[in-house]
Amino acid sequence: MSQQENFDKIRPFEDNEVSGVINQLVKVPYFIHILPRLFPNVPVDVMVEKLKQITSIAEFQDKCVIPFIKNLLTLTSKGLTVSGIENVNPQRNYLFISNHRDIVLDSALINTSLRDKGLNTSQIAIGDNLLIYEWITDLVKLNKSFLVLRNLSSVRQQMEASATLSAYIRMTIVDNKQNIWLAQREGRSKDGNDETQNSVLKMLNLSGKEDFVDNFAKLQILPVSISYEYDPCDYLKAFQFQLKRDNPAYKKSQNDDLEHMSTGIRGQKGGIHISFNKEITDVELRKLQADNKNAQIQELAKLIDHDVHNSYYLWPSNYIAFDELDNSSRFADKYTAEEKAAFDNRNEENIAKLGECDKEFVLESIRTMYANPVINKLKY
């Protein structure tokens, strides 16, 4: 068994598998049903034939995924701006670790930014809990996604899955010289407080055969910060906080995930900004002061958080939310009366969509998720 075959359960498709997968995909009635929504300007039969001609992953991304994302940006945003892209050396490959706000778009927008500069796109880590239908799994694996196995029944299975995932990520970066995108935490940051989970870094370290510094230096971590002026799912996330408050046993359903994916993709986002930081070097890793491996992990998490927080682009919505929570006008010079009215009206309209809810709690939760990036940036 080859090294690559060890990862068949989680890896993306390869070029030699593309034609067969697409030919199966275009036979799925629901996939055909959604094609007009994905590509509204292309007749279904024309799009099907176009898909059948695709023979590689790069071609699938360039002819389908990137055009879809760019059309989506035109329809649902004020545009995407990027800074720090010069930090991405085309002769190197990276583990892009970013904050996580949208289930689908974070990685897609980062890949679009890379492709626009002629850089290689990343393989994408995605939880298998989101892949409700087999055709969705096929679709994301055509888009260079690999699976993070969740909802495993035993601790042993979880440990084995983590070890396999870690080995796959290291092989992809070190041996296969490909980029990878990984969220800094499992699941989205629903309260806007972007913090790297120690468990993510511990998973990455499982496959290292050397010391802490060499293990992480070889992964070539480059932190990325993505900020949306408006999160289309903000009121849905806030309502989930209420449901959890009222019932600590509450757990979101697959339908909730589908609703959040759809709302995140189709909802208005205002401006979007992506900041690429500099790669975390072995020199920086050696400077981390810690007595043991757990402490080293914590210090590395803080280093990543510093880059994500410090490069986060703050929108008027962030400053407005901070001032409203603080009952002050500390950042009044950062927004206009019109922008504040638009923020308040938007929140009122979205909360009304929820029907019966604790409106004050939901509103405070929304304000908190927009204010937290300001609070985090003020630390530095």
Side-chain angles (χ1 to χ4, degrees), residues 10 94-107 110 122-130 145-152 155 157-170 172-173 180-208 212 215-217 219-227 231 233 237 240-241 244 251-252 257 260 275 277 279-280 284-285 288 290 292-312 368-369 372-373 375-377 379-380:
I10 66 171
Y94 300 96
L95 172 57
F96 295 110
I97 295 184
S98 84
N99 58 329
H100 190 23
R101 297 302 180 83
D102 185 271
I103 294 173
V104 175
L105 290 181
D106 295 346
S107 55
I110 288 169
S122 305
Q123 290 194 22
I124 301 162
I126 185 169
D128 68 339
N129 57 300
L130 301 171
S145 293
F146 60 95
L147 309 186
V148 179
L149 304 181
R150 294 183 177 147
N151 301 322
L152 298 171
V155 173
Q157 286 179 321
Q158 293 168 10
M159 292 176 64
E160 289 174 349
S162 292
T164 300
L165 179 64
S166 180
Y168 178 77
I169 290 172
R170 190 170 296 272
T172 301
I173 295 169
I180 276 184
W181 173 83
L182 183 67
Q184 67 181 167
R185 55 180 297 119
E186 181 181 328
R188 293 165 295 162
S189 170
K190 296 182 180 69
D191 62 358
N193 186 21
D194 303 310
E195 291 186 333
T196 304
Q197 284 182 332
N198 290 344
S199 58
V200 171
L201 299 181
K202 288 178 180 179
M203 176 276 293
L204 291 171
N205 198 39
L206 286 174
S207 57
F212 175 88
N215 285 347
F216 281 102
L219 292 179
Q220 298 169 190
I221 296 173
L222 193 152
V224 181
S225 184
I226 181 165
S227 57
D231 179 350
C233 294
K237 294 176 182 178
Q240 284 189 345
F241 281 130
K244 188 74 173 176
K251 290 186 178 180
K252 61 185 176 68
D257 285 331
H260 282 235
S275 300
N277 289 273
E279 177 188 345
I280 295 175
E284 290 175 283
L285 290 167
L288 298 179
N292 55 63
K293 188 178 293 184
N294 284 338
Q296 287 176 312
I297 290 287
Q298 290 174 359
E299 290 303 307
L300 177 54
K302 289 178 185 177
L303 184 58
I304 294 169
D305 290 348
H306 170 273
D307 286 352
V308 170
H309 295 162
N310 210 34
S311 65
Y312 191 99
T368 299
M369 67 180 70
N372 269 335
I375 295 169
N376 283 332
K377 201 160 190 173
K379 296 174 185 176
Y380 309 108

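All residue numbers refer to positions in the sequence shown, counting from 1.
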**Message:** Against S98, only a single residue in I110, D194, V308 fulfils side-chain contact (heavy atoms from CB on, under 4.5 Å); can you say which?
**Reply:**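 Output: one option passes, namely I110.
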Using a 4.5 Å cut-off on heavy atoms from C-beta on, say whether the side chain of [Y] contacts that of [X].
| X | Y | answer |
| --- | --- | --- |
| I280 | L300 | yes |
| H260 | C233 | yes |
| E195 | D305 | yes |
| V224 | N277 | no |

Is there a donor-acceptor pair closer than 3.5 Å between any side-chain N or O of [X] and the backbone N or O of [Y]?
| X | Y | answer |
| --- | --- | --- |
| N99 | I226 | yes |
| Q197 | E186 | yes |
| D106 | D102 | yes |
| S145 | A125 | no |

**Asked** Do S166 and S207 have a side chain donor and acceptor closer than 3.5 Å?
**Response** yes
**Asked** Side-chain donor-acceptor pair under 3.5 Å between N129 and N151, yes or no?
**Response** no
**Request:** Before giving the answer on salt bridge (charged side-chain N to carboxylate O under 4.0 Å, His left out), spell out for D257 and K252 the whole-Å C-alpha distance, their side-chain angles and the decisive distance to 0.1 Å.
**Result:** CA-CA 8 Å; D257 285 331; K252 61 185 176 68; 2.8 Å; yes
**Request:** Mind running side-chain hydrogen bond (donor to acceptor under 3.5 Å, both in side chains) on Y380 and H309 for me, showing each step along the way?
**Result:** CA-CA 9 Å; Y380 309 108; H309 295 162; 3.0 Å; yes
**Message:** For K379, I'd like to know if atom NZ has over 12 heavy atoms of other residues, nucleotides or ligands within 6.0 Å.
**Reply:**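 Yes, enclosed.
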**Enclosure of K293 NZ (heavy-atom neighbours >12, cutoff 6.0 Å)** = no
**Message:** Going by ring-ring contact (aromatic ring centres under 6.0 Å, His included), name the residues that satisfy it together with Y312, two or more places apart in sequence or in a different chain.
**Reply:**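 Listed in chain order: nothing, the list is empty.
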**Note: D231-K237 ion pair, threshold 4.0 Å (strictly below)** =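 Yes, D231 and K237 are salt-bridged.
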